[in-house]
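To keep things clear, I will list the structure first and then write my remarks on it.
Atom set for the values below is all heavy atoms of this structure, side chains included, hydrogens, waters and symmetry mates excluded.
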Amino acid sequence: MAVPASLRDCQAWKDARLPLSTTSNEACKLFDATLTQYVKWTNDKSLGGIEGCLSKLKAADPTFAMGHAIWNGLVLIGTGSSVKLDKELDLAVKTMVEISRTQPLTRREQLHVSAVETFAKGNFPKACELWEQILQDHPTDMLALKFSHDAYFYLGYQEQMRDSVARIYPFWTPDIPLSSYVKGIYSFGLMETNFYDQAKKLAREALSVNPTDAWSVHTIAHIHEMKAEIKDGLEFMQHSEAQWKDSDMLACHNYWHWALYLIEKSLIRRTVFFQGEHEAALTMYDTHILPSLQASGAMLDVVDSCSMLYRLQMEGVSLGQRWQDVLPVTQKHSRDHVLLFNDAHFLMASLGAHDPQTTQELLTTLQDASESPGENCQHLLARDVGLPLCQALVEAEAGNSDRVLELLLPIRYRIVQLGGSNAQRDVFNQLLIHAALNCTSSVHKNVARSLLMERDALKPNSPLTERLIRKATSVHLM
């Protein structure tokens, strides 16, 4: 594969005031190609895909520190590997640090290496501080912007995710490569902090520049989800599908959003049990979501698969052997404990597949991680939030609804600290409501009513809420 001439060489990076410490024009262009695909959420075959570019990048200049930083950063930001369990990754991070000590790097490059090394230790807040230092002096450093944005997402730092982009947004003039994608990144932070009109405006501006911007499509999908605009959401996904379906790293997630509309829509017509739209959602799962999971093994695809099946399971939908299809992928990560958000979804799979050994392995090793010394933010949060949430999932599987409430009610406003989006974390809200509906203790008899009134106030006209209210009424809780 010939490296396209449009990609930035050594001089172009200097002209952008983002000089790279290498004399290899090919290495600079391959760095640009890798960054471009990361921002666009796609493996571009014409560029050789991200892995292909990274391999050629390392060959073009084995001592290129920023080449090592983007390689290791992308592996770590994928949250599917930890330096504790992956010896190859551990060595790669150590090699990156050693190279940085022997090269005359700029301060910006040194900060990039330090941020990736810090992220590898599990100290996500400190890594974000280092990326923010870069952005203060270099507001058009896309790698620092994207890495910090993703790390804020994992931390549940919604305001920081928004404001980090707000601070640098005016510097991204249309002549800068990938500038339209900054609109989409900014729009997501605005959406997560409930600035829906501003978020939609920016996402649509981004799509007017580049209709294949799958992340901006994804933001609009979120807005329709959060506002319970089911009809509009379905129409938008259907009409835009041709533009985003080839974005292989995000298409599965966009189909997941589409399926959420179908799950919710099925409830509009369910005065009695109605399976129609649930079947459509399962067809979407079987056609798009599971195949993507099995092909990629990516954590986003794992979370989407588990979350969707768990929501359907709570609705009483028969899933057949689908949990068994997911388990081989999740099982391999039971000891990772990179993200508590991931752990909760792995646990859904082992519980759904009735695999007590894998369930116990996850819980035991998570307990051990919570007691280990160090700066890992996820391990520090495990004791107070992660473990109670996981135990609540175990109790729900055992039918102990009162115990689920006892575990979840005290931490419900802290679950945001596990990261994920408002839409993704809603699975835990639903778990709490279903448990409240099934409680037997008189102490908890009004909890379901309170939760449903709150949900209806925050998200009016939600068919899912309407169905849950009907269920509460039928058992005299409303």
Side-chain angles (χ1 to χ4, degrees), residues 41 153 158 161-162 181 183-245 247 250-270 276-278 280-285 287-289 300 303-304 307-308 310-312 315 416 420-430 454-469:
W41 288 82
F153 178 75
Q158 296 167 306
M161 187 167 61
R162 176 196 65 208
Y181 290 90
K183 293 178 183 290
I185 297 168
Y186 189 14
S187 73
F188 184 75
L190 286 164
M191 179 278 302
E192 281 294 283
T193 50
N194 307 324
F195 289 92
Y196 296 135
D197 292 343
Q198 286 174 254
K200 184 180 280 190
K201 179 176 179 291
L202 272 176
R204 292 208 177 274
E205 284 178 15
L207 289 168
S208 71
V209 177
N210 193 334
T212 62
D213 181 351
W215 186 252
S216 291
V217 166
H218 154 261
T219 299
I220 294 174
H222 268 273
I223 293 168
H224 290 311
E225 165 70 19
M226 298 315 296
K227 296 176 74 174
E229 297 170 343
I230 310 306
K231 182 174 180 290
D232 291 345
L234 285 167
E235 289 176 358
F236 174 70
M237 299 309 282
Q238 190 169 6
H239 292 154
S240 63
E241 180 186 14
Q243 303 290 353
W244 52 259
K245 67 178 182 179
S247 178
L250 200 61
C252 173
H253 189 59
N254 281 347
Y255 280 116
W256 176 80
H257 276 283
W258 192 338
L260 290 192
Y261 300 137
L262 292 170
I263 294 171
E264 185 124 11
K265 183 185 175 188
S266 70
L267 305 175
I268 296 174
R269 296 143 67 185
R270 275 186 61 194
E277 302 297 344
H278 282 157
L282 282 173
T283 298
M284 187 159 288
Y285 176 87
T287 306
H288 298 290
I289 297 172
L300 181 56
V303 166
D304 286 342
S307 176
M308 184 174 167
Y310 201 79
R311 289 164 198 246
L312 287 166
E315 290 302 314
V416 64
S421 67
N422 294 328
Q424 287 176 311
R425 286 190 310 277
D426 192 46
V427 70
F428 305 124
N429 297 330
Q430 291 180 38
E454 172 195 310
R455 186 181 182 89
D456 194 39
L458 291 172
K459 190 177 178 180
N461 305 313
S462 162
L464 174 58
T465 307
E466 288 175 23
R467 190 203 69 80
L468 291 168
I469 289 172

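Every residue two or more places apart in sequence or in another chain was checked for a ring-ring contact (aromatic ring centres under 6.0 Å, His included) with Tyr181, and none qualifies. Partners of Tyr310 under the side chain to side chain donor-acceptor pair (under 3.5 Å) rule, at least two apart in sequence or in another chain, do not exist in this structure. Listed by chain and number, the residues in a side chain to side chain contact (heavy atoms under 4.5 Å, CB included) with Asn461 amount to none (sequence neighbours excluded). The salt bridge (Lys or Arg N to Asp or Glu O under 4.0 Å) search around Arg425 returns none, not counting sequence neighbours. Under the salt bridge (Lys or Arg N to Asp or Glu O under 4.0 Å) criterion, Lys245 pairs with no residue at all, not counting sequence neighbours. In this structure Trp256 satisfies the side chain to side chain donor-acceptor pair (under 3.5 Å) test with no other residue, sequence neighbours excluded. Shown here are the salt bridge (Lys or Arg N to Asp or Glu O under 4.0 Å) partners of Glu205, two or more places apart in sequence or in another chain: Lys183, Lys201. Considering only residues two or more places apart in sequence or on other chains, Ser462 meets the side chain to side chain donor-acceptor pair (under 3.5 Å) condition with Glu264, Thr465. Take Ser208 and apply the side chain to side chain contact (heavy atoms under 4.5 Å, CB included) test, not counting sequence neighbours, and it matches no residue. Take Asn429 and apply the side chain to side chain donor-acceptor pair (under 3.5 Å) test, not counting sequence neighbours, and it matches Asp426. Shown here are the side chain to side chain contact (heavy atoms under 4.5 Å, CB included) partners of Gln243, two or more places apart in sequence or in another chain: Pro211, Thr212.
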Could you check Val217 against Leu250 for side chain to side chain contact (heavy atoms under 4.5 Å, CB included), going step by step and ending with a plain yes or no? CA-CA 10 Å; Val217 166; Leu250 200 61; over 6 Å; no
Test salt bridge (Lys or Arg N to Asp or Glu O under 4.0 Å) on Arg311 and Glu315 and set out the steps. CA-CA 6 Å; Arg311 289 164 198 246; Glu315 290 302 314; over 6 Å; no
Please step through side chain to side chain contact (heavy atoms under 4.5 Å, CB included) for the pair His278 and Ile263, ending with a clear verdict. CA-CA 6 Å; His278 282 157; Ile263 294 171; 4.2 Å; yes
Would you check, one step at a time, whether the test side chain to side chain contact (heavy atoms under 4.5 Å, CB included) holds for Arg162 with Phe195? CA-CA 10 Å; Arg162 176 196 65 208; Phe195 289 92; 3.4 Å; yes
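Atoms OG and CD1, from Ser307 and Ile289 in turn, are 9.5 Å apart once rounded to the nearest 0.5 Å. The NE2 atom of His224 sits 11.0 Å away from the NZ atom of Lys231 when rounded to the nearest 0.5 Å. Considering CG of Leu260 and CG of Leu234, their distance stands at 10.5 Å, rounded to 0.5 Å. Here CD1 of Ile220 is found 11.5 Å from CG of Asp232. Values are rounded to the nearest 0.5 Å. Put simply, CE on Met161 and CG on Leu190 are 9.5 Å apart, with the number rounded to the nearest 0.5 Å. Between the OG atom of Ser187 and the OH atom of Tyr196 there is a distance of 13.0 Å, given to the nearest 0.5 Å.
Considering only heavy atoms from C-beta on, His288 stays 4.5 Å or farther from Asp304 through its side chain. Between Asn194 and Met226, every side-chain heavy-atom pair lies at or beyond the 4.5 Å cut-off. Side chains of Arg455 and Ile469 form no contact here, defined as non-hydrogen atoms less than 4.5 Å apart. Put simply, the side chain of Glu229 does not reach to within 4.5 Å of the side chain of Glu235, judged on heavy atoms. In this structure, Leu202 and Thr219 have side chains that are not in contact, with every pair of non-hydrogen atoms separated by 4.5 Å or more.
Under the 3.5 Å distance criterion, with hydrogens and angles disregarded, a donor-acceptor pair is assigned to the side chains of Glu241 and Tyr255. In this model, no donor atom of one side chain and acceptor atom of the other lie less than 3.5 Å apart for Asn422 and Glu225.
Considering every non-hydrogen atom in both Ser216 and Gly184, the closest pair reads OG-CA, 3.2 Å. In this structure, Asn254 and Met237 approach most closely via the heavy-atom pair O-CE, 3.2 Å. Taking all atoms of both residues into account, the shortest heavy-atom contact from Ala281 to Ala259 is CB-O, 4.1 Å.
In this structure a side-chain-to-backbone donor-acceptor pair under 3.5 Å is missing from Thr287 to Met284. A side-chain donor-acceptor contact under 3.5 Å links Tyr261 to the backbone of Ala221.
Residues in residues 197-221 take part in these ring pair (Phe, Tyr, Trp, His ring centres under 6.0 Å) pairs, two or more places apart or across chains: Trp41-Trp215, Phe188-Trp215, Phe188-His218, Trp215-His218, His218-His222, His218-His253, His218-His257.
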